[in-house]
Amino acid sequence: MASEIKSDRGIRIAIDRGGTFTDCVGNPGTGKMEDDVLIKLLSVDPQNYDDAPLEGIRRLLSRFSATDIPRGEPLDTSKIESIRMGTTVATNALLERKGEEIAMVVTKGFKDCLEIGNQSRPNIFDLAIRKPDVLYKTVVEIDERVTLEDYAEDPERHATKAQAFDDADANAELVRGLSGEAVRILRRPQEDQIRQRLQAVYDSGLRSIAVCLMHGYTFPHHEALVGKIAKEIGFEHVSLSHELMPMIKLVPRATSACADAYLTPAIRKYIDGFQKGFEGGLGSESVKKESGSKGARCEFMQSDGGLVDVDIFSGLRAILSGPAGGVVGYALTSYDPATKTPVIGFDMGGTSTDVSRYGAGRYDHVFETTTAGVTIQSPQLDINTVAAGGGSRLFFRNGLFVVGPESAGAHPGPACYRKGGPLTITDANLYLGRLLPDFFPKIFGPKENEGLDETASEEAFKELTRTINEEVTKGGGSEMSMDEVAYGFIKIANETMTRPIRSLTEARGHDTSKHRLATFGGAGGQHAVAIAEALGISQILIHRYSSVLSAYGMALADVVDERQEPESRVWKEGDGETVEYLKGKMEELKRKSTATLREQGFGEGQVAFEEYLNMRYRGTESALMVVKPTAEELEKELGGGSQDAFAAMGKAFVKQHEGEFGFTLPDRDIIVDDVRARGIGKTFQGLEKTVDQQLKEVKPKDLGQQEKVYGKRSVYFEGGRFDTSVYKLEDLSVGDRVRGPAIIADGTQTIVVTPEASALLIDTHVVINIGQEGEGSGEKRVTTKEVDPIMLSIFAHRFMAIAEQMGRALQKTSVSTNVKERLDYSCALFDSHGGLVANAPHLPVHLGSMSTCVQKQAAIWKGKLKKGDVLVSNHPMFGGTHLPDITVITPAFAKVAGEEQIVFYVASRAHHADIGGILPGSMPPHSKELFQEGASIETEKLVSEGSFNEKRITELLLDEPARYPECSGTRCLADNLNDLKAQIAANQKGINLISTLIEDYGEEVVQFYMKNIQDNAELSVRNLLKDVSKRVQGRDLSAMDFMDDGSPIKLKVTIDADKGEAVFDFTGTGPEVYGNINAPEAVTYSAIIYCLRCLISEDIPLNQGCLKPIRVVIPPKSFLSPSGTAAVVGGNVLTSQRVTDVVLKAFNACAASQGDCNNLTFGFGGNREGEAAVKGFGYYETIAGGSGAGPDWDGTSGVHTHMTNTRITDAEVFERRYPVVLREFSLREGSHGEGQHRGGDGVVRDIEFRIPVQVSILSERRVYRPYGLEGGGDALCGMNVWVRNVPRLAGGDGDGKGAESRSKELGNGRKGGVEADEERRYINLGGKNTASMQAGERIIVMTPGGGGWGPQGKESESRQHEKSDPKAGWRGGSIASRQAEAEASA
């Protein structure tokens, strides 16, 4: 812990205040590890002390001064050099929703921006949609507005010049923003109006506010004005979004400002109380005091792994304060800068497991994360949390072993905690002998003086094993022993934890096997070897302080000062002017940072910098934070020479983009979005010896059979129980090598060494080396004589993980906004006949329909495909849904009986922004024939034996559609080609992963479990149908609803209760329509699979098996089974929603949701035959509405429902990319259906166009209202309004302003808005229409709400529950919800 900040006082203290324990590491000033004192105490123990960190410091000072300091006496800071702390105060306040009451101040029209968020729902199969509560108590809308003058999709690349705000005229309408972009000021705020509104908030008792105005990241002046007035009024805390994180994106920036305003007062209260316990004060200011008791330096750990002075510690930067210390701890103790072996951190606690990675000597940061349901923008260490820890509960459901995500928590805790708790991973480890009661604190039982209860765990496993064996033997399988059952759950838990580790490393282009695993946290040592083996890692490092590594990390960490400013420059190789300009901006940030660090006592030689540019290709939103290369990187990787390192950042970006996304876009400009400087006040001077140096010097000595053995224990490993030696860590010396099987333990951790591994002691770590034949090697010998439920569960995880990783690869390597940002895609894995095996939970509408496509293509090409071939199709008669959804299919070959055969298929389907047709966006509201909707591909080879067929696909997308009357080819061919290549790459990723699975287990075993995973899903659906039949006493179920044109969808469901089979009969459904709401049969299958999965409400594999017990009857030539030339674009996005409503109505599951996707497209340009091609753009979005209420839940407002879950483009990004002003995006109050449980509200989206464009809307529920059930009220229909400027007629009736929009008129690109000789008309467009809109005209889309449930008057149970449970909105997730939400929203 060597420090360069010299002092004659010496004592250094580092503390991590966790949820259960507070860990303290103290050093008397020598900096030597052997002089450290470690203390672990309960974080909450009110009988003995008020504050755990203060108590820890008192005990350490007592130890170092050899005098007993009484409790309550202020501590003398004159002996302390520094105190460093990580705290969960902010995290807990966020988890429990116990922060400060705040108000949010936002631009008029956006009061609900955080409630709507990105409009996706966290769990696509949960009919009771739960979105996290917002943090503010009230919202103040400010009547001000600015927008960006130019737009990124402009084919002419026009750039408006403007003066900086300070140099411009006081009334200037155009000024230059901080990012260099031209900003148009549409409305200046009125000071007296702001003062009046803020005073009202102040008078209501609120003292903390968050301010976030549109485009405040580049134009902060209006935010600054609000902040100034708020401080004058007397608000104690004001969070301004541009000061916290000046990055584009309104929603994350507003959430960040709210989080800061919500949490900082709670942190300040805590710090003030903490400081009162010291005589001389804390922080760099107190150290400078001339007179009185000298203070001590006190720094807090931030989420980015850097320390910050106590006086400037804020809530926003504190959310991952504790876990960040652990990352710093393992990074600095396990990584060797000389050998550069990267390290994966594995921190397994009671409720969750944190996974991270450290390589290249730098921390990986992310800038947008979700914690406890709150998405914030702030630099944070890239820590992924899995909801699997020691307390994760164990279940046997539908023939599968399931671990978590439910946790037993600290109370009642696992079964062995003597409080009647459920079975958990901790119980499995205890029962198998992997956890030693002797080494566990005796804090259980009524008097809190008993150890773990082994009998309770054993009894619970006896009961569960009996249940499992009853079900397994019914299916003809063999009985399992209790050991096998308990070990099965351990294997499933390990599989659950390796999934995020793989995604963290492999998804970024790193090979897991080339890493070391650094494990810490209470439960890590019991699982480390199995996790390492699953990842191909051969060496594990467990620090001697691994149980207090977060605190130790704080002792080693550096003080950090972060600065960032927005930018918009284009980076061109060899453009000296841009490089010098950006260098100048960087130097200014560094100067400010240096001044702050100097204030904190850091001298000239102690301040270092990491310089970053946030860069992206034009037209994409995937920016990469690129660090200035080191001299070594410049020389080895970037062509070296005499070039300046800063000037090489363009090359560094291209290299990083290639590494992370697998491609580059050489024909596109590189845009610099932000300039960032990370100032580091160096306190860590490096360890005396790194792990690699110690390993070189150590002389290993194998211990004899009985040497230093503390005791023996029967422990279960793969294949049976072994008589296992137990060692106490403190009895072992440096150089001792323990061969497995063995257990090494001390009071805080248990390390399991498997039979084929060995543990070596060095000064700082226990190093576990895994032999060639590890614990996992036995599991690869799998029989196919009978189904092993454990292997079935493992394969369910593996297959799903493959589909998920394909999805990540597609999102990363794609170019278009549709795939990258809106996540409008799906990936799946199929058997050799095209039957669905696993579909990642991307978009429900793709669920069953992709397998229809793969089956058709497999039949067409049977016997004709070769290795390296890739197929492409989008035609509705060949399993397509609508034409913009293009499916790419890749067969995978393996040797079967000596010859190459197709053993499975992988496929990816993505929505392309434009594929030609009569209108931009390829979603024409009035199409009558298929050709009007764009390119249609029945079947084609996209790749032949590895060669991409660009000429043919260009003909299909660009030339062929233009041959039809009034039609154009695709308007964005380059994006189409790039996204198709991304789909090919995603498929290849899937094939590589399955090939690895086949290498591990053999082709026969993989095929066997592919089939059995389908049988398992079939069993789940049969059980559901039997339950439903019992519930409705054998009656047939029926329902009917109508499309807006009056076409009926009629359904009768007949269930055979004995077999668990059902017939879904759509006889009576309307005929094919001369319009575009016709839905290919595949769409109905998707809707049925989705509804069944929602009704089962358990996590079952989604595959072909779900449909085996179902017979679907669709009348031919009805609009659910149309002819090959019928228009279908609305079938996928509108009819699919109505089919879902009808199925759920038949099962009486919930009231109708908005029943619509509200598809809006606009753009211009194209290449109609016989006309000159016009360069243009196309934009497509779907808009949220209200969800339906159910038997015990209220509907949710402003959310996507049922068959879609795509995100909305952030308001600021929307205006940067397109020539629009988003006037309003808010909830449509009063649009829900009333009832005991009320439905959700729809939204109002008001868009003004700044140039002439063609605008199209394709929507439903504009005639028939979303119905309520069981006496609940119907919701309001939607409405689409064109606000049109028309010539004023003599004797006209004024401007005819209607009440449809609450938006006030704004200026636009045209001077003065409406011309004097024009008037404004409000015209109802109906549900499906297209219009040529002029500059200054608007479309207002008002979406439908959701129906209510039950008669009005009774209080809603869900509202009662929400009052009592602050976590109800996001299901009590820990920091873990981040991973779950990322998966679900994909």
Side-chain angles (χ1 to χ4, degrees), residues 99-118 132-148 177-179 183 185-189 194 197-198 201 206 208-231 235 237-265 314-317 319 367-370 374-378 564-566 674 1198 1208-1216 1221-1227:
E100 184 82 356
E101 289 196 329
I102 64 163
M104 175 173 82
V105 181
V106 71
T107 301
K108 188 165 187 179
F110 295 93
K111 66 181 171 56
D112 301 312
C113 66
L114 298 193
E115 209 159 315
I116 300 169
N118 65 14
D133 289 338
V134 290
L135 299 179
Y136 53 78
K137 189 179 180 186
T138 185
V139 182
V140 176
E141 287 191 296
I142 299 288
D143 198 3
E144 66 78 45
R145 194 63 158 89
V146 304
T147 189
L148 301 182
L178 297 180
S179 59
V183 175
I185 302 170
L186 297 169
R187 173 157 294 150
R188 295 175 191 273
I194 296 172
R197 289 188 181 169
L198 292 186
V201 171
L206 300 187
S208 181
I209 65 166
V211 185
C212 184
L213 304 180
M214 274 288 283
H215 301 292
Y217 68 97
T218 186
F219 184 83
H221 310 282
H222 291 176
E223 274 190 17
L225 175 67
V226 176
K228 176 174 144 293
I229 294 169
K231 283 175 183 148
F235 282 97
H237 184 83
V238 180
S239 294
L240 302 178
S241 79
H242 73 272
E243 289 180 354
L244 291 165
M245 200 66 195
M247 285 180 93
I248 191 170
K249 283 195 183 176
L250 176 75
V251 171
R253 210 174 61 252
T255 321
S256 304
C258 287
D260 190 68
Y262 185 75
L263 299 173
T264 301
S314 81
L316 179 64
R317 298 284 174 97
I319 292 169
F367 292 84
E368 205 174 293
T369 53
T370 302
V374 178
T375 300
I376 56 168
Q377 238 181 9
S378 172
Q564 187 166 317
E565 272 201 16
D674 303 274
I1208 196 89
T1209 306
D1210 185 87
E1212 289 178 344
V1213 175
F1214 187 44
E1215 291 189 7
R1216 176 189 257 185
V1221 176
L1222 183 60
R1223 305 279 289 266
E1224 180 179 1
F1225 188 33
S1226 63
L1227 296 180

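Every heavy atom of this structure was used, including side-chain atoms; hydrogens, water molecules and symmetry mates were not. Along the sequence shown, residues are numbered consecutively beginning with 1. Quick caveat: nothing in here was measured; it's all calculated off a predicted structure.
Shortest non-hydrogen contact noted between His242 and Gly216 is CB-O, 3.3 Å. Taking each heavy atom of Asp112 and Leu1227 in turn, the nearest pair found is OD2-N, 2.8 Å. Between Leu206 and Phe235 the shortest heavy-atom distance is O-CE2, 3.5 Å. Minimum heavy-atom separation, Val146 to His222: CG1-CE1, 3.9 Å. Nearest heavy atom pair, residue Ala259 against residue Leu135, reads CA-CD1, 3.7 Å. Here the shortest heavy-atom pairing between Leu250 and Glu1212 reads N-OE1, 3.3 Å.
Among residues two or more places apart in sequence or in another chain, the side chain to side chain contact (heavy atoms under 4.5 Å, CB included) test is passed with Ser256 by Leu316, Ile376, Gln377. Legend: residues meeting side-chain hydrogen bond (donor to acceptor under 3.5 Å, both in side chains) with Thr147, ordered by chain and number and at least two apart, are Glu1215.
Contact check for Pro189 versus Leu225: side-chain heavy atoms found under the 4.5 Å cut-off. For the pair Arg145/His215, a side-chain contact is recorded, criterion being any heavy-atom separation below 4.5 Å from C-beta on. Between Ile102 and Cys258, the closest side-chain pair of non-hydrogen atoms falls below 4.5 Å. Ser239 is listed as a side-chain neighbour of Leu244, based on a closest heavy-atom distance under 4.5 Å. Using a 4.5 Å heavy-atom threshold, the side chains of Met104 and Cys212 count as separate. With a 4.5 Å cut-off on side-chain heavy atoms, Lys249 and Phe367 do not count as touching. The shortest distance between side-chain heavy atoms of Pro252 and Asp1210 falls below 4.5 Å. Residues Val105 and Leu198 are in side-chain contact: their nearest non-hydrogen atoms beyond the backbone lie under 4.5 Å apart.
A distance of 13.5 Å separates CZ in Arg1216 from OG1 in Thr1209, rounded to the nearest 0.5 Å. Note that the CG atom of Leu263 and the OG atom of Ser314 stand 9.0 Å from one another [nearest 0.5 Å]. In this structure, CG on Leu148 lies 8.0 Å from CE on Met214, to the nearest 0.5 angstrom. Remark: Gln564 CD to Met245 CE distance equals 4.0 Å, nearest 0.5 Å. The CG atom of Asp133 sits 12.5 Å away from atom CG of Leu114, with the distance rounded to the nearest 0.5 Å. Rounding to the nearest 0.5 angstrom, the gap separating the CD atom in Glu223 from the CD1 atom in Ile142 is 11.0 Å.
Counting only distance, with no hydrogens or angles, the side chain of Ser208 and the backbone of Ala261 share a donor-acceptor pair below 3.5 Å. For the pair Glu141 (side chain) and Lys111 (backbone), a donor-acceptor distance under 3.5 Å is present. A distance-only check finds no donor-acceptor pair linking the side chain of Glu144 to the backbone of Thr107 [under 3.5 Å]. Between the side chain of Thr218 and the main chain of Ser179, a donor-acceptor pair closer than 3.5 Å is present.
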*Begin from the C-alpha positions of Leu213 and Phe219 and carry the test side-chain contact (heavy atoms from CB on, under 4.5 Å) through to its verdict.*
CA-CA 9 Å; Leu213 304 180; Phe219 184 83; over 6 Å; no
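Using a 4.0 Å cut-off between charged nitrogen and carboxylate oxygen, Glu101 and Lys137 count as a salt-bridge pair.
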